[in-house]
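Below: one structure, written as structure tokens.
Quick caveat, the model's predicted, so the values are computed rather than measured. Here, residue 1 is the first one in the sequence, and each next residue gets the next number.
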Amino acid sequence: MTKLRFGIVVFPGSNCDHDALHVCQSLPNAEAKLLWHKNTDLEESDVIILPGGFSFGDYLRTGAIARFSPIMTEVMRHAKLGKPVLGICNGFQILCEAGLLPGVLLRNVHRRFICKTVTLKVMQNDTIFTANYHQGEVLRMPIAHGDGNYFASPEVLHEMEDNGQIIFKYCNAYGEITDDANPNGSAHNIAGIVNKERNVLGMMPHPERAAESLLGSTDGRRLFESLVQRAVLQAM
């Protein structure tokens, strides 16, 4: 059986690349490799992951410099062909800077770096990333960011709600979407969104850090499994 090939982009300052690599390599029917940001070849990768970290030291603005790395031309082409792209934390910021996702990530509302486990609600499970979740399910994943405050204009937010582009929202343990459950001030408690075509996902929580029981949660593993299983079904 053909394996799903994950390509994980490494920027100067990436620090979650090997976490993602470890998870992807542990999946049945999958293989993974690291791709240096100066590459101009995705090396036949089926799924591209932009990992978390502090690309280029977060100088100028988070993701603003990484967006111009040579490999991003190919990542954008990959996305426009309808192929999957996953941006986690800093990767989400890069996707917004590249125009592959709407909106922008601002400084956390309390102006502090946040590193803790949060709960988030699955708002849509009709994507290649979330097919293994139940709509309304509450997940546990860690966050670690200083610029996770998602912002978009009221018009864009309204459009995303109507289109079902908001995939994850911060919630409490009971699935209630409240201000108290919002760790960074994100509009509409947004924790993750997709593009209109639903093949590009950006999220601030770290599914690769919630993929083994030793880490306290396996809720993130199903996101990667969903990608592999959907690819297997499409190949049948």
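The main-chain N or O of Asp19 is never found under 3.5 Å from a side-chain atom of Arg209 such that the two would form a donor-acceptor pair. Side chain of Asn149 to backbone of Arg107: a donor-acceptor contact under 3.5 angstrom is found. A donor-acceptor pair is defined here as one N or O able to donate and one able to accept, closer than 3.5 Å; such a pair exists between the side chain of Ser186 and the backbone of Gly148. Judged by distance alone, the side chain of Thr127 and the main-chain N or O of Thr130 form a donor-acceptor pair under 3.5 Å. Side-chain atoms of Gln165 come within 3.5 Å of backbone N or O of Val194 as a donor-acceptor pair.
For Gln135, there are no side chain to side chain donor-acceptor pair (under 3.5 Å) partners at least two apart in sequence or on another chain. Residues forming a side chain to side chain donor-acceptor pair (under 3.5 Å) with Asn132 (at least two apart in sequence, or on another chain): Gln229. Under the rule for a ring pair (Phe, Tyr, Trp, His ring centres under 6.0 Å), the partners of Phe56 that lie at least two apart in sequence or sit in another chain are His37. Residues satisfying the side-chain contact (heavy atoms from CB on, under 4.5 Å) criterion with Ala79, sequence neighbours excluded, are Val85, Leu100, Asn199, Val200. With sequence neighbours excluded, the residues that form a side chain to side chain donor-acceptor pair (under 3.5 Å) with His158 are Asp162. Scanning for side chain to side chain donor-acceptor pair (under 3.5 Å) contacts around Glu43 gives Lys33, with sequence neighbours left out.
Other members of the cluster containing Met123 are Ile177, with ILVMFWY side chains joined at under 4.5 Å, either directly or via other members.
Pairs of residues two or more places apart, or lying in two chains, that qualify as side-chain hydrogen bond (donor to acceptor under 3.5 Å, both in side chains) and include a residue from residues 112-126 are Asp126-Arg198. Residue pairs meeting the side-chain hydrogen bond (donor to acceptor under 3.5 Å, both in side chains) criterion with at least one member in residues 86-99, sequence neighbours excluded: Ser55-Asn90, Arg61-Glu97, Asn90-Gln93. The side-chain hydrogen bond (donor to acceptor under 3.5 Å, both in side chains) pairs that include a residue from residues 75-88 are Glu74-Arg77, where partners are two or more places apart or lie in different chains. The salt bridge (Lys or Arg N to Asp or Glu O under 4.0 Å) contacts involving residues 217-228 comprise Glu137-Arg222, Asp219-Arg222, Arg221-Glu225, where partners must be two or more places apart or lie in separate chains. Identified under the side-chain hydrogen bond (donor to acceptor under 3.5 Å, both in side chains) test for residues 166-178, with sequence neighbours left out: Glu161-Lys169, Tyr170-Asn184, Asn172-Glu176.
Taken from NE2 in His145 to CG in Asp58, the straight-line distance is 12.0 Å, to the nearest 0.5 Å. Rounding to the nearest 0.5 Å gives a distance of 10.0 Å between CG of Asn189 and CD1 of Ile166. Atom SG of residue Cys89 and atom CG of residue Asp147 lie 9.0 Å apart, to the nearest 0.5 angstrom. Expressed to the nearest 0.5 Å, how far CG of Asn108 lies from CD1 of Ile143 amounts to 7.5 Å.
Transitive grouping of hydrophobic side chains (ILVMFWY, heavy atoms separated by less than 4.5 Å) keeps Ile88 and Phe113 in distinct clusters. In terms of hydrophobic clustering, with Ile, Leu, Val, Met, Phe, Trp and Tyr side chains grouped at heavy-atom distances under 4.5 Å, Leu21 and Trp36 are assigned to a common cluster. Placement of Met204 and Ile114 within a single hydrophobic cluster is found when ILVMFWY residues are connected by side-chain heavy-atom separations under 4.5 Å, directly or transitively. No chain of hydrophobic side-chain contacts below 4.5 Å, direct or via other Ile, Leu, Val, Met, Phe, Trp or Tyr residues, connects Phe68 to Ile94. Under the 4.5 Å side-chain heavy-atom criterion for ILVMFWY residues, a single connected hydrophobic cluster contains both Phe129 and Leu139.
Proximity of Val228 to Phe6: side-chain heavy atoms (C-beta onward) are separated by under 4.5 Å at one or more points. Using a 4.5 Å heavy-atom threshold, the side chains of Cys24 and Ile49 count as touching. At least one side-chain heavy atom of Glu212 sits under 4.5 Å from a side-chain heavy atom of His22. Residues Leu105 and Phe92 meet the side-chain proximity criterion, which asks for heavy atoms closer than 4.5 Å. Residues Ile193 and Pro102 are in side-chain contact: their nearest non-hydrogen atoms beyond the backbone lie under 4.5 Å apart. Within the 4.5 Å cutoff, no side-chain heavy atoms of His206 are placed close to those of Met141. Using a 4.5 Å cut-off on side-chain heavy atoms (C-beta onward), Asp17 and Leu34 make contact. A 4.5 Å side-chain heavy-atom check between Val75 and Leu42 finds at least one atom pair inside the cut-off.
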Pair Phe224, Glu208 - check side chain to side chain contact (heavy atoms under 4.5 Å, CB included), show working. CA-CA 8 Å; Phe224 299 98; Glu208 81 285 6; 4.0 Å; yes
For the pair Asn182 and Val109, evaluate side chain to side chain contact (heavy atoms under 4.5 Å, CB included) and give the outcome as yes or no after the intermediate values. CA-CA 10 Å; Asn182 189 337; Val109 68; over 6 Å; no
Residues Ile65, Phe11; criterion side chain to side chain contact (heavy atoms under 4.5 Å, CB included); working and verdict: CA-CA 10 Å; Ile65 299 176; Phe11 300 94; over 6 Å; no
Checking Leu86 against Leu223 for the side chain to side chain contact (heavy atoms under 4.5 Å, CB included) test, could you report, in this order, the C-alpha distance in whole Å, the side-chain angles of both residues, the deciding distance, and whether it holds? CA-CA 10 Å; Leu86 169 62; Leu223 188 150; 3.8 Å; yes
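Nearest approach of Gly192 to Leu201, heavy atoms of both residues: C-CD1, 4.5 Å. Minimum heavy-atom separation, Asp46 to Pro84: O-CD, 3.4 Å. Taking both residues in full, the closest heavy atoms of Gly53 and Asn15 are given as CA-OD1, 3.2 Å, listed atom of the first, atom of the second, then distance. Gly175 and Val138 get closest at one heavy-atom pair: CA-CG2, 3.5 Å. For the pair Ala210 and Pro142, the tightest heavy-atom approach, listed with the atom from each and the gap, is CB-CD, 4.0 Å. Among all heavy-atom pairs drawn from Gly7 and Leu35, the shortest one is CA-CD1, 3.8 Å.
Atom CD of Glu197 has more than 12 heavy atoms from other residues, nucleotides or ligands within 6.0 Å. No more than 12 heavy atoms of other residues, nucleotides or ligands shown are found within 6.0 angstrom of OH on Tyr59.
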